[in-house]
Amino acid sequence: MNDKLLSERLKLVASFVPDGSRIADIGSDHAYLPCYLMNHNRISFAVAGEVNEGPYQSARNQVTRSGFADVISVRKGNGLEVISPGEVDTITIAGMGGQLIRDILLGGLEKLDGVNRLILQPNVAAHLLRERLADLNWELVHESIIEEDDKIYEILVFDAGDGKKPYEGLNGKDLQKQLLAGPILMKEKNEAFMKKWQNELMKRERILLSLKQADAISEKEAQVKNERDLIKEVLS
């Protein structure tokens, strides 16, 4: 497989896959990620899952062309229904919204038996994953944020463990900030991080201005003001 087919975003996702893993790549599209990992001898087996016929066929063709049909199983199905409990030890889900990723995981909790690592790349709403997975004792162990093609992506890595550990001693607004922006990302505050949250702050300011112009005094305004204030503290 030509490594140029893999975006920098997915190469970063790949960097968090433990060597020798048996992975399930959910929403695999062309199966570029498992083919890349297999081509670099990083994994021993993979399931490439796709719910739609077009991407499913594209994944099958890519796997066959790459010569990995005996070690990458391309399966059509919704979310985690494409795997059996204990079949894989690492799950990757990239390029979906945070709410959808959360719902996929919650809809297949029994399939997480034997899984040690979740590598998730939500396009939006990463905070929903931090919040829910902490409750399910998935410990946030790595976070990365990068900009590629004028879009900013977050990668969250969870290991089976103590979900509350990254947020020990935090409550109130301090906890809200960490869940919103990420405890590890907030320590680094790299260029992509600052750009993302400056953009998010501007969005909240525009929303508040439109609500004010419409004389809309509502719960929505209070919610947006709270988000704006949290983001200001994240950036400070």
Inset, instruction - Any chance you could measure Glu110, atom CD, to Ser84, atom OG, to the nearest 0.5 Å? - result: 10.5 Å
Legend entry - CG on Leu120 to CD1 on Ile104, rounded to 0.5 Å: 10.0 Å
Inset, instruction - Provide the closest heavy-atom pair for Ala192 versus Ile152 in the form atom of the first, atom of the second, distance. - result: O-CD1, 3.5 Å
Legend entry - Backbone of Ala14 reached by a side-chain donor or acceptor of Arg42 within 3.5 Å: yes
Legend entry - Contact summary for Ala31 and Val63, nearest pair of heavy atoms: CB-CG2, 3.8 Å
Inset, instruction - Rounded to the nearest 0.5 Å, what's the gap from CG on Leu33 to CD1 on Ile23? Could you check? - result: 5.0 Å
Inset, instruction - Please confirm whether the backbone N or O of Glu87 pairs with a side-chain atom of Arg22, one donor and one acceptor, at under 3.5 Å? - result: yes
Legend entry - Under 3.5 Å donor-acceptor, Arg75 side chain and Val82 backbone: yes
Inset, instruction - Considering non-hydrogen atoms only, spot the tightest contact between Asn78 and Val51 and give its length. - result: CA-CG2, 3.9 Å
Inset, instruction - Keeping the roles fixed (side chain from Gln121, backbone from Gly95), state whether a donor-acceptor pair exists under 3.5 Å. - result: yes
Legend entry - Flag side-chain contact, heavy atom, 4.5 Å: Asn39 against Ser66: no
Inset, instruction - Report yes if the side chains of Leu106 and Leu136 come closer than 4.5 Å at any heavy-atom pair, otherwise no. - result: yes
Legend entry - Sequence-distant partners of Asp135, side-chain hydrogen bond (donor to acceptor under 3.5 Å, both in side chains), two or more places apart: Lys164
Inset, instruction - Give a yes or no answer on whether the side chain of Lys76 reaches the backbone of Tyr56 with a donor-acceptor pair at less than 3.5 Å. - result: no
Legend entry - Any Leu10 side-chain heavy atom under 4.5 Å of Thr92 side chain: no
Legend entry - Nearest heavy atoms of Ala59 and Asp29, plus distance in Å: CB-O, 3.2 Å
Legend entry - Inter-residue atom distance Thr90.OG1 - Ile119.CD1, 0.5 Å rounding: 6.0 Å
Legend entry - Backbone of Ala46 reached by a side-chain donor or acceptor of Asp25 within 3.5 Å: no
Inset, instruction - Kindly assign one of parallel, tilted or perpendicular to the pair Tyr32 and His30, based on the angle between their ring planes and the thresholds 30° and 60°. - result: parallel
Inset, instruction - Mind checking the CG-NZ spacing from Asp174 to Lys177? Nearest 0.5 Å is all I need. - result: 5.0 Å
Inset, instruction - For the residue pair Tyr153 and Asn123, establish whether any side-chain heavy-atom pair is separated by less than 4.5 Å. - result: yes
Inset, instruction - May I ask you to decide if Asn61's main-chain N or O and Thr64's side chain share a donor-acceptor pair within less than 3.5 Å? - result: no
Inset, instruction - Taking atom NZ of Lys189 as the centre, report whether more than 12 heavy atoms of other residues, nucleotides or ligands fall under 6.0 Å from it. - result: yes
Inset, instruction - State, with a plain yes or no, whether a side-chain heavy atom of Val71 is found less than 4.5 Å away from one of Ile43. - result: no
Inset, instruction - Determine yes or no for a side-chain-to-main-chain donor-acceptor pair under 3.5 angstrom, with Asn199 supplying the side chain and Lys195 the backbone. - result: yes
Inset, instruction - Report yes if the side chains of Asn116 and Asp159 come closer than 4.5 Å at any heavy-atom pair, otherwise no. - result: no
Inset, instruction - Compare all side-chain heavy atoms of Leu140 with those of Tyr167 and state whether any distance is below 4.5 angstrom. - result: yes
Inset, instruction - Determine the minimum heavy-atom distance between Asn226 and Lys173, stating which atoms define it. - result: OD1-CE, 4.2 Å
Legend entry - Side chain to side chain, Met194 and Leu235, heavy atoms closer than 4.5 Å: yes
Inset, instruction - Specify the closest pair of heavy atoms between Gly27 and Met96, including all atoms of both residues, with the distance to one decimal. - result: CA-CE, 3.7 Å
Inset, instruction - Hey, could you give me the CG/CG distance between Leu128 and Leu180, rounded to the nearest 0.5 Å? - result: 10.0 Å
Inset, instruction - For the pair Glu143 (side chain) and Leu185 (backbone), establish whether a donor and an acceptor sit closer than 3.5 Å, ignoring hydrogens and angles. - result: yes
Inset, instruction - Kindly determine whether Lys11 and Glu148 satisfy salt bridge (charged side-chain N to carboxylate O under 4.0 Å, His left out), including the steps that lead there. - result: CA-CA 12 Å; Lys11 284 180 182 177; Glu148 183 178 27; over 6 Å; no
